[in-house]
Amino acid sequence: MLTKRIKNMTPSVTVELTAKVADLRRQGVDVIALNVGEPDFNTPENISQAAKEAIDNGFTKYTAVPGIMELRQAICKKLREDNNVEYMPKEIIVSTGAMQALRNAVLTICEEGDEVILPTPCWVSYTEMIKLAESTPVLVEMSEETGFDLDVKKIKDAITDKTKAILLNTPNNPTGAVYSEEALKELGELAVKHNFYIIADEVYEKLVYDGRKHVSIAALSTAIKEKTIIINGLSKAYAMTGWRLGYGAGPEEIIRGMNSLQGHMTSGTNSITQKAAIEALLGPQDSIEYMRQQFDERRKYLLERLRNMNGIECANATGAFYLMPNISNIFGKIYNGKVIENSIDVSNFLLEEAHIAVVPGDAFESPNNVRIAYSNSLENIKEAIDRMEKALELLEDPQLSKSLS
Ligand SMILES: Cc1ncc(COP(=O)(O)O)c(C=O)c1O
């Protein structure tokens with residue numbers, strides 16, 4: 001009954017886990033969810049107010065497919081001031097979340113036979129988006145020893161005459177890595193030389209710590225900009241995940257293609273959200289800095305606790321709101337008479353025993369890790385880590401249990 005396209009899709013592990021957590025909570029279990037990649041803060045009041053005004057003023061009709069001009073102009077201003085890149089409104093498309101902007105971009109430039117390079121660990125949806133475009137994801141593993149930094153040499157080795165694009169995400173979900181300007185420049189030059197596109201997902205750009213700076217690859221030269229489609233959105237920086245607003249910026253011809261596709265799929269983004277987005281981008285930015293500082297405090301706490309935990313190693317991460325501890329030392333240990341074999345078992349064990357939800361690294365092509373999101377209150381994070389520490393003490397060593405039996 002179902003098409004090959006749908007049958008080939010891997011169900012989202014993060015969505016499945018969220019359903020499991022909801023199930024447990026319905027049974028009255030107090031689960032601490034460190035699996036969800038969304039800020040726990042409310043949307044800043046001035047942004048919500050702009051949406052209320054849009055409704056009261058009857059701004060509730062269809063809009064132009066690529067978004068209202070005032071919003072596209074606000075995005076151009078943001079890109080100029082924050083990212084040092086110059087775009088015109090006709091080079092901007094507003095979409096229903098960065099997710100739609102990403103899928104628009106992939107479907108516009110990639111087709112059957114194309115290869116798309118994907119540095120891993122990577123966000124769960126990238127592989128599926130590439131497969132939907134009948135293209136092949138080429139996974140290139142970044143190394144945990146360097147904090148999953150961008151290894152341009154490895155990417156260079158993966159380029160073939162079928163390479164159509166690279167899907168780049170900095171700051172990175174799930175690793176929290178922030179790529180350096182030097183690495184991005186090197187990559188950009190490769191894209192120009194070998195004529196492939198860079199889809200640059202920058203949704204976590206506002207969340208950088210330890211004095212790191214986010215660099216937009218498109219800002220590094222005119223030639224690189226011509227090969228780049230920037231993807232960004234308001235979900236993460238402005239605590240607006242449910243509002244569904246993202247955007248793409250790139251060469252006019254590509255944006256026109258994305259516009260044609262979106263026109264037939266969903267048309268213009270929610271009109272009320274677009275008005276709220278103008279306020280988000282042009283209004284006061286102090287709540288963004290407040291949230292960033294809160295995330296940073298949690299990150300430092302979590303990193304220290306994880307590093308002091310028996311059997312756990314954790315690379316520092318200076319972006320987004322995720323840490324990726326290495327949990328491979330737990331593999332082979334025994335819980336309730338069963339051997340813990342992989343990151344999925346670790347995640348299930350933590351959910352069952354400690355009632356904390358973390359995402360198995362297998363979901364991100366990173367089998368030795370789990371992803372912990374610190375987009376939760378410090379109080380919850382402290383409680384979760386206490387529980388995790390206690391739960392780990394219950395694990396039995398196979399050698400020990402053999403000699404006891
Ligand atoms: C790397 C990355 N890109 C894009 C998105 C999607 O963002 P949006 O809510 O704007 O669709 C997410 C959400 O988790 C993400 O982690």
Side-chain angles (χ1 to χ4, degrees), residues 12-18 33-41 43 47 67 71 75 78 92-106 116 118-130 132 137 142 148 150 165-179 198-208 214 216-217 229-249 258 262 265-266 269-270 273-274 276-277 280-281 295 317 319-324 357-359 361 363-366 371-376:
S12 164
V13 177
T14 43
V15 172
E16 274 178 29
L17 196 62
T18 305
L34 302 182
N35 58 317
V36 190
E38 71 176 345
D40 56 320
F41 300 102
T43 301
I47 300 174
L71 175 55
I75 292 169
K78 180 253 174 261
I92 305 290
I93 180 169
V94 176
S95 300
T96 304
M99 208 152 183
Q100 187 185 22
L102 277 163
R103 204 188 47 234
N104 281 344
V106 174
V116 180
L118 210 44
T120 65
C122 66
W123 182 45
V124 289
S125 293
Y126 289 157
T127 348
E128 299 309 316
M129 286 178 188
I130 296 166
L132 263 184
M142 300 298 113
F148 302 103
L150 186 68
I166 179 166
L167 231 166
L168 200 70
N169 176 213
T170 181
N172 189 275
N173 173 10
T175 66
V178 179
Y179 299 155
I198 303 157
I199 302 175
D201 181 344
E202 304 186 345
V203 295
Y204 292 99
E205 70 161 334
K206 299 283 182 194
L207 302 175
V208 285
H214 166 73
S216 271
I217 193 165
I229 305 151
I230 294 181
I231 305 291
N232 208 330
L234 305 191
S235 287
K236 315 289 178 178
Y238 294 89
M240 290 179 72
T241 44
W243 296 72
R244 312 307 303 129
L245 194 130
Y247 55 89
M258 289 166 67
Q262 183 166 298
M265 299 292 255
T266 54
T269 304
N270 180 313
T273 294
Q274 290 190 56
L281 293 173
F295 287 132
F321 37 58
Y322 308 105
L323 287 178
M324 283 276 277
V358 302
V359 185
F364 310 107
E365 315 292 342
S366 185
R371 188 194 75 178
I372 304 187
Y374 48 89
S375 49
N376 205 322

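One-based numbering, in listed order, for ligands and for the atoms of each. Note that the numbering runs from 1 along the sequence shown for the chain.
Atom-to-atom distance recorded for M142:CE and L150:CG is 6.0 Å, nearest 0.5 angstrom. The distance from the OG atom of S375 to the CZ atom of F41 is 9.0 Å, given to the nearest 0.5 Å. How far CE of M258 is from CE of M265: 12.5 Å, rounded to the nearest 0.5 Å. Between the CG atom of L167 and the SG atom of C122 there is a distance of 8.5 Å, given to the nearest 0.5 Å. Taking CG of N172 as the reference point, atom OH of Y322 lies at 10.0 Å (rounded to 0.5 Å). In this structure, L245 CG and L281 CG are separated by 8.0 Å, a value rounded to the nearest 0.5 Å.
Contact analysis puts D201 in contact with ligand 1, with a non-hydrogen atom separation below 4.0 angstrom. Look at G233 and you'll find every heavy atom at least 4.0 Å from all atoms of ligand 1.
Exactly one of T269, T43, T96 qualifies for a side-chain contact (heavy atoms from CB on, under 4.5 Å) with W243. That residue is T43.
Residue contacts with ligand 1: G246 is placed with no nitrogen or oxygen under 3.5 Å of a nitrogen or oxygen of the ligand (distance criterion only). Taking any N or O of N173, backbone or side chain, at least one lies under 3.5 Å from an N or O belonging to ligand 1. Close N/O approach between M99 and ligand 1 is found [any backbone or side-chain N/O within under 3.5 Å]. Of the polar atoms of T96, none of the N or O atoms is found under 3.5 Å from an N or O of ligand 1, judged by distance alone.
Residue-ligand proximity, S235 to ligand 1, at heavy-atom distances under 4.0 Å covers atoms 8 (P), 9 (O), 10 (O). Those atoms of ligand 1 with a heavy atom of R244 less than 4.0 angstrom away are 8 (P), 9 (O), 11 (O). With ligand atoms numbered from 1 in the order given, ligand 1 contributes 10 (O), 11 (O) to contacts under 4.0 Å with heavy atoms of G97. Near Y204, meaning under 4.0 Å from one of its heavy atoms, ligand 1 places the atoms 1 (C), 14 (O), 15 (C), 16 (O). Set against the non-hydrogen atoms of N169, the atoms of ligand 1 under 4.0 Å away are 1 (C).
Nearest to atom 7 (O) of ligand 1 among the protein's heavy atoms is A98 CB, 3.8 Å. In terms of protein heavy-atom proximity, atom 12 (C) of ligand 1 is closest to W123 CZ2, 3.5 Å.
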Does the pair E202 and K236 meet the rule for a salt bridge (Lys or Arg N to Asp or Glu O under 4.0 Å), with working shown? CA-CA 10 Å; E202 304 186 345; K236 315 289 178 178; over 6 Å; no
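If you look at Y126 next to ligand 1, the close heavy atoms, those under 4.0 Å, all belong to the side chain. When heavy-atom distances to ligand 1 are checked against a 4.0 Å cut-off, K236 comes that close only through its side chain, counted from C-beta outward.
Checking N169 against Y204 by side-chain atom types alone, no donor-acceptor pair falls below 3.5 Å.
Between R103 and E128 no salt bridge is recorded (no basic side-chain N to carboxylate O distance below 4.0 Å).
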